[in-house]
Amino acid sequence: MSDHIYRAYGLCIASEISCPELSPGDGPPDVLIRLGEVPETLEDCFSRASYYQLAPTRTLVSARGVARYLASGGDRLVVDRVAGAEEGLVRLFLLGSGLGALLMQRGLLLLHGSCIRVRNGAVVFLGCSGRGKSTLATAFHARGHEVLADDVTALTVSREGEAFVLPGPCHVSLLPDARSLLGLGQALEPVAKRGEKTLLRVRGDAGPDEVPLRRLYVLTAMQAGDPTISDLRGVDLFQCLLENLYRPEFLGTNPARRALYGQCMAVARSAALHRVAWPRDRARFARFVDLLATHLSDESGAPADPEVRSEGRRAL
Amino acid sequence: MNRSGGLTLDSTVSRNPDQISADLSDETVLMSLDTGRYYGMRAVAGRIWELLAEPRTVGSLCDALVKEYDVERDRCEREALAFVGELVQEGLVATDGVEA
């Protein structure tokens, strides 16, 4: 059986498992995904919890009843499936924590957030689960913006200290009520189902390998009232980034932490961060998106025109 | 001789290598890899941190500060000793005779 070849996060991925969530790619692979045996315990493990074990060059992620995943050396991911496990769930953890561990081994900074493209770069929406990151990304997609990431946004920092987003899988994952909120109906092509959520394709191809990061918005809840947007600076900005890392527990060593915190500082220097408080009010969701769209374009001094989407994507 | 918890003007102080810092326009952000704690330093505090890039005595630190800021020597020495004393307590700088 030949491998499926994909492109994501600036990497060519050759996988024994079919992953409809990923865009097709070609070329010599940077990362291999293989089916195989993964031990229950890593002999040289120096840190562990119920769902992961850290060893010097390997990370074991364990999803009970689904599979065990071993990420090693930043270029190999082995998947040991539990007999009868639902394929969608095997891929959920594969493309989430499994690939996440691998990307961290490659030195990427992972934030728990979605990401959209604007004219002069990328904008990230941060916030804990259920805050609306995917819904917001999809709403901006409806306004003509490419979605670069849904749950995990991967960043790299250049030698000059500039932060770039590496686009991930080209789908968003939405609950039924979010879909109806957005009036999507059947408009976006479903890719897979994961429990209650449906994965909807939002990008035809992998797109550019990297997009400069311009700003981030952290979404917080409020009970009622009009949405507010405020700036976060300095140490507050830094703290916010630390609070929104994806799987920070996978960072085992001081050199890895030093590199990561250095990257957070670079992001803090080069991008603006705003806190957005909004009531989860269905009736005023469209107006809230308007407010954000205006804010995105106002401050940069240049209008945040949507990137023209390439053909191959369905119009809404 | 001025004292501040064992720290004197003749004490040589140096940054603890296990920390990372960056200048973020409004303030300098500093993080200790040992403790995981992070700090924001504005204005003079940020400048003092910058001046401690190389090991130096607290006295020489004050020499630089009185040139840059409109402050009397006495007051500068008192406040510098107090602030550097805090940095030592937080494990951000080491001083001869005291492990950070």
Side-chain angles (χ1 to χ4, degrees), chain A residues 46-47 49 54 104 107 109 111 155-163 213-216 218 230-245 247-275 299-301, chain B residues 13-56 61 64-65 68-69 71 79-95 98-100:
Chain A
F46 59 80
S47 172
L54 307 181
M104 286 170 75
L109 168 63
L111 294 177
L155 295 162
T156 187
V157 176
S158 70
R159 265 185 225 286
E160 295 78 35
E162 291 159 354
L213 174 68
R214 293 298 173 215
R215 60 176 83 199
L216 310 104
V218 60
S230 54
D231 290 348
L232 286 173
R233 291 204 205 286
V235 76
D236 295 328
L237 197 173
F238 182 69
Q239 173 166 339
C240 185
L241 291 174
L242 293 192
E243 287 169 352
N244 286 280
L245 295 172
R247 301 285 178 272
E249 61 272 26
F250 287 179
L251 282 175
T253 63
N254 258 7
R257 281 196 202 99
R258 173 187 288 276
L260 181 103
Y261 300 142
Q263 288 170 316
C264 287
M265 290 189 177
V267 169
R269 266 218 290 267
S270 61
L273 174 58
H274 313 282
R275 170 173 284 131
E299 287 193 46
S300 64
Chain B
V13 291
S14 56
R15 290 185 187 176
N16 182 336
D18 280 335
Q19 51 76 26
I20 186 168
S21 60
D23 191 5
L24 300 183
S25 61
D26 283 8
E27 61 187 334
T28 301
V29 173
L30 185 61
M31 182 166 198
S32 163
L33 293 176
D34 288 338
T35 63
R37 288 206 288 265
Y38 43 90
Y39 312 80
M41 299 191 184
R42 296 200 180 153
V44 186
R47 181 63 183 137
I48 290 176
W49 180 257
E50 213 177 346
L51 288 168
L52 291 178
E54 295 297 325
R56 66 197 303 165
L61 176 66
L65 289 173
E68 293 180 28
Y69 295 93
V71 62
E79 295 188 0
L81 281 167
F83 180 65
V84 176
E86 276 184 55
L87 293 178
V88 171
Q89 262 190 325
E90 293 292 314
L92 298 171
V93 310
T95 177
V98 176
E99 285 287 313

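Contact annotation for A:L237: neither backbone nor side-chain heavy atoms come within less than 4.5 Å of a heavy atom of chain B. Within the 4.5 angstrom heavy-atom criterion, no atom of B:T28 approaches chain A. Residue contact with chain B, scored on non-hydrogen atoms closer than 4.5 Å, involves the backbone and the side chain of A:Y261 alike.
In terms of heavy atoms, A:L242 sits closest to B:Y38 at CD1-CE2, 3.5 Å. A:R258 and B:Q19 make their closest contact through NH1-O, 3.4 Å (heavy atoms, listed as atom of the first residue, atom of the second, distance). Smallest separation of non-hydrogen atoms from A:R269 and B:D23: CD-O, 3.2 Å. A pairwise comparison of heavy atoms in A:R233 and B:E27 identifies O-OE2, 4.0 Å as the closest pair.
Note that the CZ atom of A:R257 and the CG atom of B:L33 stand 8.0 Å from one another [nearest 0.5 Å].
Looking at B:V29 and A:Q239, their side chains never come closer than 4.5 Å, going by heavy atoms from C-beta outward.
In this view, A:A256 and A:L251, A:T253 satisfy the side-chain contact (heavy atoms from CB on, under 4.5 Å) rule, not counting sequence neighbours. By the side-chain contact (heavy atoms from CB on, under 4.5 Å) test, B:E68 pairs with B:R47, B:L51, sequence neighbours left out.
With a 6.0 Å radius and a threshold of 12 heavy atoms from other residues, nucleotides or ligands, A:R214 has its CZ atom above the threshold.
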